[in-house]
Novice: 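Sharing a structure with you now.
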Amino acid sequence: MNIDKKPIYPVEAWDITELEFKKEYNYRNETTFSLSNGYIGTRGTFEEAYPFDIDTGLEGNFVNGFYESEHIRYGEANFGSPLRSQSILNLPNLKETKVLLDGEMFSMETGKVRGYKRTLHMKEGVLERKLIWKSPKGKETEIRICRLVSFARKNIMAILYEVKPLNYTGEVRIVSKLQADVENHTRKTNPIVDYGPFGRRLEPKKLYAEERKLYYEGETLGSKLTVACGSIHKIHTNGMTKSEAFRQRVNKLDAELEICVYGNMGKKISLEKMICYSTELDMPKEQLERFIADELRHAEREGYAVLEEKQKKYMENFWKTADISIKGNEFLQQGIHFNMFHIFQSAGRDGKTGMGAKGLSGEGYEGHYFWDTEMYVLPVLIYTEPEVAKTLLDYRYYTLDQARDRARVLGHDKGALFPWRTINGQEASTYYPLGTAQYHINADIAYALSLYLQVTGDIEYLVEKGAEILIETARVWADVGSFSECKNGKYCICDVTGPDEYNVLVDNNFYTNLMARENLRDALQAINYLKKNRLQTWEKLKERLKFLEVEAEQWEKIIENMYFPYDEILKIYPMDDGFMMRKPWDESKIPPEKRAWLYENYHPLFIMRHRMSKQADAILGMYLHSNLFSEEEIRRNYDFYQKVTLHHSSLSTCIFGIVASGIGYLEEAYDYFSQSARMDLDDYHNNFYAGIHAANMAGTWQAIVNGFAGMRCQNTRLEFKPTIPEEWDEYTFRILYRKALLKVKISKNEARFTLLEGENIVFYVKEKEIEITKRGETYVQKI
């Protein structure tokens, strides 16, 4: 990871601006300027649709949850190995817009460009490009293009394309295209995957152009799912010219509309293009054509200006809660805004979709949902956008039956085992040591659910869905391990993989055992609550799940007897039973060019036999359940893992920074935060082209709020232990807790807590109980 890079873009608090178009940076910039609303995602490609090759660009348009599937090829397949893949599919492109200005095709690769600015307006949720183009024949045109993916209308993407002839009068010809000859860049974006999707995977069923509309409907070759998309167009000429009729052309895999207008010098011509996507995952495929037509008609009636105003209002409401203000470092301020913008726009919002590790910004990780959502993203959304957080939890509940089926495949007669990586709820991880063996996914989901319940107080969610998830995940923990005589009757869990993917199929992974125990504890608490307060609901759930009281008794025994590896000499918790026996890692023997990509350069056995860690593992558990450990215990373990952790995962440095804050290592905490805050914005890993690193992005919010401000919510107790980095003057953030909006401002000498909304709030500052009962009231704590 190269953290010494100069900023790629000008340092601005609320904008990301590209000042020059360079083909060699295009692939990366397409991710930077990607837009999404949690349902539609589109990469920051240009309307001109330049013919970039596989190493310089990827036209990408995606629908969350829509995937292609094909048979997975194994050299040697195991029982229970996934047999069919799931990959987010690149869909037909409707952004393409060619403009001929008095006979010359606009292209930034010809003529001359001046005044170029492409800006992601993060505060407004709009992408804007402005430039003046001087054609090869010397004609100058002012061009402005705006794009948004609507939060108000989940199926709609809108484009405003404006041209103004500056030194000529002549014909302006606009060609809008629907391009269905698209495919994934699998070999580039997922190079270790050997099963596609390769080539074009959509078979067109309908493709036509009429009046001002384009429409496409196609079916995937493997998953047999149908997607539909279309666009509608409106030209504005300010009454200065007469528009000709739209002309249509249709081919086998593309269609286009063309319109000619007479452009007067100094007069603006505008095209409003509304684009709509939907799939049969949302409705019967027979209804898609009518739905697309209706949505386009409604969007056109509203018009681009109205959609943009709604977009700005939506983002204003988001930033009202989610904004983190940093005084004293605009460099990091820009980074945190960029991170928050991308994770917010990437989250599924319909209860049937999750959030991919790359959001909807690219094809990386095949668009799969991982634990990243529950352990990194959800804790942010729970405090800033709890309704969105709830829909992501709904996705796990929506796929609970598939998780039950998966548990049976793994030999568990009861309970549910969630997949390590998935889109449709079924396991899609083909290498079980780094996939299915990561049983901790169950406890991760339970942790996020528990945090949501504690912070929001949403008892109805516990009653309707949460208790069932907690019980079904707990049942697997009660079956996967055993009370071992060689460990004095303690409960042991063998052959699992923890968060650290360099130590796989280990016995008694500390993180896994800790999270499993707390999963069981949360499940018992849920049962006890229902028994006491919703007995009738409990009786129905008990009957439906065929739950036996003896199960609860076994859970209590496991909680009391969970085994944790412990080194008596160092007084630390090794990651697993064999960790301290492994050969010490010697970084000097590994060439620099191979250090970040060990699995691509060394056999797994070579890696697994060394005492080192890819990423935060044991200390992640200590962070999540810091109330169960003394500060001295955490410090000893941090010091140990600081020496053996390589941080080869983007999920790691933010966690180490949070833990460092909690034990008073403020300089180290700030160093780790600095490595995380602009990891994507400045492309520290040189792989941003494949999509965002959503977990790290969310981890930077946690590094400030849970790290520097020391916020925790454990056993429904909200507390703060505020500190401030020496390099900052002050920082401010807001959180939602039990419907109260709390503003926290921390400066060099004090922390100020102000109730902005809600009736009252109770929290703790350095163990002191504080209650604020009036809006606008502030509590001040000296630090």
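Source: prediction; values computed, not measured.
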Novice: Mark yes or no: Arg349 above the aromatic ring of Tyr39, with NZ or CZ under 6.0 Å from the six-membered ring centre and no more than 45 degrees from the axis.
Specialist: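 Output no; distance or angle outside limits.
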
Novice: Under 3.5 Å, is there a donor-acceptor pair between the side chain of Asp15 and the main chain of Thr17?
Specialist: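 No: the side chain of Asp15 does not pair with the backbone of Thr17.
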
Novice: Looking at Lys739 and Glu757, does any basic side-chain N land under 4.0 Å from a carboxylate oxygen?
Specialist: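 Answer for the salt bridge query: no.
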
Novice: Centre-to-centre under 6.0 Å for Phe753 and Phe763, is that the case here?
Specialist: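 Yes, they do, as the ring centres are separated by less than 6.0 Å.
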
Novice: Heavy-atom distance under 4.5 Å between the side chains of Met515 and Leu624, does that happen here?
Specialist: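 Heavy-atom side-chain distance check passes, below 4.5 Å.
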
Novice: Looking at Asn696 and Leu651, would you say the former's side chain and the latter's main chain have a donor-acceptor pair under 3.5 Å?
Specialist: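 Looks like no, no N/O pair under 3.5 Å.
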
Novice: Flag the pair Tyr395 / Thr422 as yes when at least one side-chain heavy-atom distance between them is below 4.5 Å, and no otherwise.
Specialist: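 With C-beta onward as the side chain, the pair touches.
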
Novice: Taking the side chain as every heavy atom from C-beta outward, state whether Val380 and Ile343 have any atom pair closer than 4.5 Å.
Specialist: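 Yes, close enough: below the 4.5 Å cut-off.
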
Novice: Donor-acceptor pair, Asn64 side chain versus Ile40 backbone, under 3.5 Å?
Specialist: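 A pair under 3.5 Å: no.
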
Novice: Is it true that Lys313 and Glu309 have a side-chain N and a carboxylate O under 4.0 angstrom from each other?
Specialist: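 Salt bridge flag = no for Glu309 with Lys313.
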
Novice: What pairs meet the salt bridge (Lys or Arg N to Asp or Glu O under 4.0 Å) rule with one or both residues in residues 655-669, with sequence neighbours excluded?
Specialist: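 Those involving residues 655-669 do not exist here.
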
Novice: Is the Lys NZ or Arg CZ of Arg534 less than 6.0 Å from the centre of Tyr529's six-membered ring, within 45° of the axis?
Specialist: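 Because its charged atom misses either the 6.0 Å distance or the 45° angle limit, Arg534 does not stack over Tyr529.
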
Novice: Do Phe33 and Arg118 have side-chain heavy atoms sitting under 4.5 Å apart?
Specialist: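 They are in contact (side-chain heavy atoms under 4.5 Å apart), so the answer is yes.
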
Novice: Quick one: list whatever passes salt bridge (charged side-chain N to carboxylate O under 4.0 Å, His left out) with Glu518, sequence neighbours left out.
Specialist: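 Arg521.
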
Novice: So do Phe733 and Ile735 actually touch side chain to side chain, heavy atoms under 4.5 Å?
Specialist: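 Ile735 reaches Phe733 side chain to side chain.
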
Novice: Check the side chains of His647 and Ser652 for a donor-acceptor pair under 3.5 angstrom, ignoring hydrogens and angles.
Specialist: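 Short answer, yes.
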
Novice: Between Trp371 and His440 (judged by ring centroids, cut-off 6.0 Å), do the two rings come close enough to count as a pair?
Specialist: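 Yes, close enough.
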
Novice: Looking only at the aromatic ring of each residue, does the gap between the centers of Tyr638 and Tyr665 stay below 6.0 angstrom?
Specialist: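 Between Tyr638 and Tyr665, which both carry aromatic rings, the centre distance is below 6.0 Å.
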
Novice: Look up atom OH in Tyr731 and atom CD1 in Ile724, then write down how far apart they are to the nearest 0.5 Å.
Specialist: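 Going from OH on Tyr731 over to CD1 on Ile724, the span is 6.5 Å.
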
Novice: I'd like to know if Lys465 pairs up with Asp394 as an ion pair, taking the criterion as any Lys NZ or Arg NE/NH1/NH2 lying under 4.0 Å from an Asp or Glu carboxylate oxygen.
Specialist: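 Salt bridge flag = yes for Asp394 with Lys465.
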
Novice: Do Lys312 and Met315 touch side chain to side chain, with heavy atoms closer than 4.5 Å?
Specialist: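 Side chain of Lys312 against side chain of Met315, heavy atoms only: no contact under 4.5 Å found.
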
Novice: Apply ring pair (Phe, Tyr, Trp, His ring centres under 6.0 Å) to residues Tyr511 and Tyr573 and explain how you reach the verdict.
Specialist: CA-CA 10 Å; Tyr511 175 89; Tyr573 292 98; over 10 Å; no

Novice: Could Arg678 and Phe338 be counted as a cation-pi pair, given that NZ or CZ must be under 6.0 Å from the ring centre and within 45° of the axis?
Specialist: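 Pair Arg678/Phe338 does not count as cation-pi.
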
Novice: For a 4.5 angstrom cut-off between non-hydrogen side-chain atoms, does Leu741 reach Lys320?
Specialist: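 Yes, at least one pair of side-chain atoms sits under 4.5 Å.
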
Novice: May I ask you to test the Cys654-Gln702 pair for a side-chain heavy-atom distance under 4.5 Å?
Specialist: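 Cys654 does not reach Gln702 side chain to side chain.
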
Novice: Check Lys745 with Glu750, please: is the shortest side-chain N to carboxylate O separation under 4.0 Å?
Specialist: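 No, Glu750 and Lys745 are not salt-bridged.
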
Novice: Would Ser325 and Thr732 count as having a side-chain donor-acceptor pair, cut-off 3.5 Å?
Specialist: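 The answer is no; no qualifying pair exists.
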
Novice: Using the six-membered ring wherever Trp is involved, compare the ring planes of His337 and Trp319 and label them parallel, tilted or perpendicular (cut-offs 30° and 60°).
Specialist: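 His337 and Trp319: perpendicular rings.
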
Novice: Apply ring pair (Phe, Tyr, Trp, His ring centres under 6.0 Å) to residues Tyr737 and Tyr383 and explain how you reach the verdict.
Specialist: CA-CA 7 Å; Tyr737 178 76; Tyr383 287 105; 7.6 Å; no

Novice: If we check side chain to side chain contact (heavy atoms under 4.5 Å, CB included) with Ser661, which of these qualifies: Phe656, Phe708, Tyr670, Tyr623?
Specialist: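 Passing option: Phe708.
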
Novice: Given 3.5 Å as the limit, does a donor-acceptor pair link the side chain of Thr31 with the main chain of Phe688, or not?
Specialist: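 Checked: pair present.
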
Novice: Check this for me, if you would: do Glu767 and Arg717 make a salt bridge, where the nitrogen-to-carboxylate-oxygen distance has to be below 4.0 angstrom?
Specialist: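 Looking at Glu767 and Arg717, the cut-off is met.
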
